[in-house]
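Notes for the one structure printed next.
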Amino acid sequence: MESLAVRSMEPPSNWEQDLVWRMSRARPRHTVRGLNFTGALEAVRSLQGEKAVQRCLEVGGEEKFLDFFSYPAHSLLRMYSFAAELLAPTLGGGDAVLRELGRRATLDFLASPVGRAAKVLAQGNPRRMVESAPEIYRQTMGFGSLSVAWTGPRSGCVVRRGDFLPAECHEASFEQLLRSMGVRQAKVRRAWVDGLEGGLAFSWE
């Protein structure tokens with residue numbers, strides 16, 4: 001996998017423009033696992049029905065997605081853009097939709113055999129689960145990297161490099177990862193975004 005240095009290329013702040021910006025930089029070698037697609041499809045199915053799901057599949061360019069097969073990141077971004085436009089009136093805006101898609105992707109991962117194994121290895125310990133986040137990222141993304149640095153017993157920061165997914169997705173995804181460990185009052189916020197790189201600050205009580 002590769003890390004892309006793009007500090008001179010600031011993405012637009014608007015979520016629609018940001019997705020277009022990210023799509024323009026995604027290449028065929030940049031891939032994601034299918035579970036990122038299935039979470040989006042389930043969100044669309046629950047709120048808009050099967051016809052909308054079929055349209056999403058057309059946008060994604062596949063008849064179905066298998067959880068741990070690799071698919072183009074560009075296709076996922078196109079689907080996210082379509083789903084955000086479709087669901088924005090129901091969920092309160094495109095940013096909220098992207099957060100929901102990130103949350104569902106994490107739920108799908110944790111429900112998979114690999115995700116269940118990660119939870120077993122964590123033994124109910126949130127810190128252990130957080131420390132497994134770089135490996136989870138490696139297993140689900142075919143680009144970039146993720147690292148964790150601790151600032152306290154229950155706080156730290158996550159740094160993403162060469163990452164094509166919107167920051168909103170990662171905020172909700174990481175929050176869901178903490179909640180899967182029974183954490184209450186988990187706080188995850190965007191610290192910075194610079195092109196395809198970004199940082200999240202997290203803490204819990």
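No experiment lies behind these values; they were computed from the predicted model shown. FYI, the numbering just counts along the sequence from 1.
Shown here for Val188 and Glu171, the closest heavy-atom pair between the two residues is CG1-O, 3.7 Å. Across all their heavy atoms, Ala88 and Gly94 have their closest contact at CB-N, 3.7 Å. A pairwise comparison of heavy atoms in Cys56 and Leu41 identifies CB-CD2, 3.6 Å as the closest pair. Here the closest non-hydrogen pair linking Ser147 and Pro134 is CA-CG, 4.4 Å.
Once rounded to the nearest 0.5 Å, the distance linking CD of Gln176 with CE of Met181 reads 10.5 Å. We find the CG-NZ distance between Leu177 and Lys119 to be 9.5 Å, quoted to the nearest 0.5 Å. Here the OG-CD distance, from Ser180 to Glu175, works out to 11.5 Å after rounding to the nearest 0.5 Å. In this structure, CG on Asp194 lies 9.5 Å from CZ on Arg161, to the nearest 0.5 angstrom. The distance from atom CZ of Arg154 to atom CD of Gln185, rounded to the nearest 0.5 Å, is 11.0 Å. Here CG of Leu165 is found 10.5 Å from CG of Leu196. Values are rounded to the nearest 0.5 Å.
When hydrophobic clusters are built by joining Ile, Leu, Val, Met, Phe, Trp and Tyr residues whose side-chain heavy atoms come closer than 4.5 Å, directly or via intermediates, Leu146 is not grouped with Leu121. Residues Leu66 and Leu76 fall within the same hydrophobic cluster, defined by Ile, Leu, Val, Met, Phe, Trp and Tyr side chains chained together at heavy-atom separations under 4.5 Å.
Remark: side-chain polar atoms of Arg55 are not paired, donor with acceptor, to backbone N or O of Lys51 under 3.5 angstrom. Remark: side-chain polar atoms of His30 are paired, donor with acceptor, to backbone N or O of Arg27 under 3.5 angstrom. For Ser81 (side chain) and Leu77 (main-chain N/O), no donor-acceptor pair under 3.5 Å exists by modelled atom type.
A heavy-atom distance below 4.5 Å is not found between the side chains of Leu19 and Phe82. Between Phe143 and Thr31, the closest side-chain pair of non-hydrogen atoms is not below 4.5 Å. Between Trp15 and Val97, the closest side-chain pair of non-hydrogen atoms is not below 4.5 Å. Side-chain contact check for Tyr80 versus Met23: every heavy-atom pair is 4.5 Å or farther apart. Annotation: side chain of Arg190 is in contact with side chain of Glu168 (closest heavy-atom distance under 4.5 Å). Contact annotation: the side chain of Gln48 approaches that of Leu87 to within less than 4.5 Å [non-hydrogen atoms, C-beta and beyond].
Less than 6.0 angstrom separates the ring centroid of Phe202 from the ring centroid of Trp150.
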Point to revise | Candidate pair Asn14 and Trp21, rule side-chain contact (heavy atoms from CB on, under 4.5 Å), full reasoning | key: CA-CA 10 Å; Asn14 176 274; Trp21 184 89; over 6 Å; no

Exercise for review: Could you walk me through whether Ser70 and Arg33 pass side chain to side chain donor-acceptor pair (under 3.5 Å), step by step?
Suggested key: CA-CA 5 Å; Ser70 294; Arg33 299 294 190 180; 3.3 Å; yes

Exercise for review: Evaluate the side-chain contact (heavy atoms from CB on, under 4.5 Å) criterion for residues Met129 and Ser132: first the C-alpha distance (whole Å), next the side-chain angles of each, then the deciding distance (0.1 Å), finally the verdict.
Suggested key: CA-CA 5 Å; Met129 179 58 85; Ser132 73; 3.5 Å; yes

Exercise for review: Would you sort out whether Met79 and Val44 count as a side-chain contact (heavy atoms from CB on, under 4.5 Å), showing the intermediate values?
Suggested key: CA-CA 10 Å; Met79 182 181 288; Val44 171; over 6 Å; no

Exercise for review: Take Val32 and Phe164, measure what side-chain contact (heavy atoms from CB on, under 4.5 Å) needs, and give me the verdict at the end.
Suggested key: CA-CA 10 Å; Val32 293; Phe164 287 89; over 6 Å; no

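Within a 6.0 Å radius of CZ in Phe69, no more than 12 heavy atoms belonging to other residues, nucleotides or ligands are found.
By the side-chain contact (heavy atoms from CB on, under 4.5 Å) test, Lys187 is found to be paired with Ser203, Glu205, residues two or more places apart in sequence or in another chain being considered. Remark: Tyr71 pairs with Phe37, Phe65 by the ring pair (Phe, Tyr, Trp, His ring centres under 6.0 Å) rule, at least two apart or across chains.
Between Asp95 and Arg99 there is no salt bridge, since no side-chain nitrogen of the basic residue lies less than 4.0 Å from a carboxylate oxygen of the acidic one. Using a cutoff of 4.0 Å between basic side-chain nitrogens and carboxylate oxygens, Arg128 and Glu131 are not scored as salt-bridged. Between Arg45 and Glu50 there is a salt bridge, since at least one side-chain N of the basic residue sits less than 4.0 Å from a carboxylate O of the acidic one.
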Could you list the donor-acceptor pairs under 3.5 angstrom formed by side chains in residues 104-114, with sequence neighbours left out?
| unit_1 | atom_1 | unit_2 | atom_2 | d |
| --- | --- | --- | --- | --- |
| Arg104 | NE | Glu100 | OE2 | 2.6 |
| Arg104 | NH2 | Glu100 | OE2 | 3.3 |
| Thr106 | OG1 | Gly102 | O | 3.4 |
| Thr106 | OG1 | Ser173 | O | 3.3 |
| Thr106 | OG1 | Ser173 | OG | 2.4 |
| Asp108 | OD2 | Thr38 | OG1 | 3.2 |
| Asp108 | OD2 | Gly39 | N | 3.0 |
| Ser112 | OG | Phe109 | O | 2.5 |
| Ser112 | OG | Gly115 | N | 3.1 |

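Looking only at atom types and distance, the side chain of Glu58 has no donor-acceptor partner in the side chain of Gln54 under 3.5 Å away.
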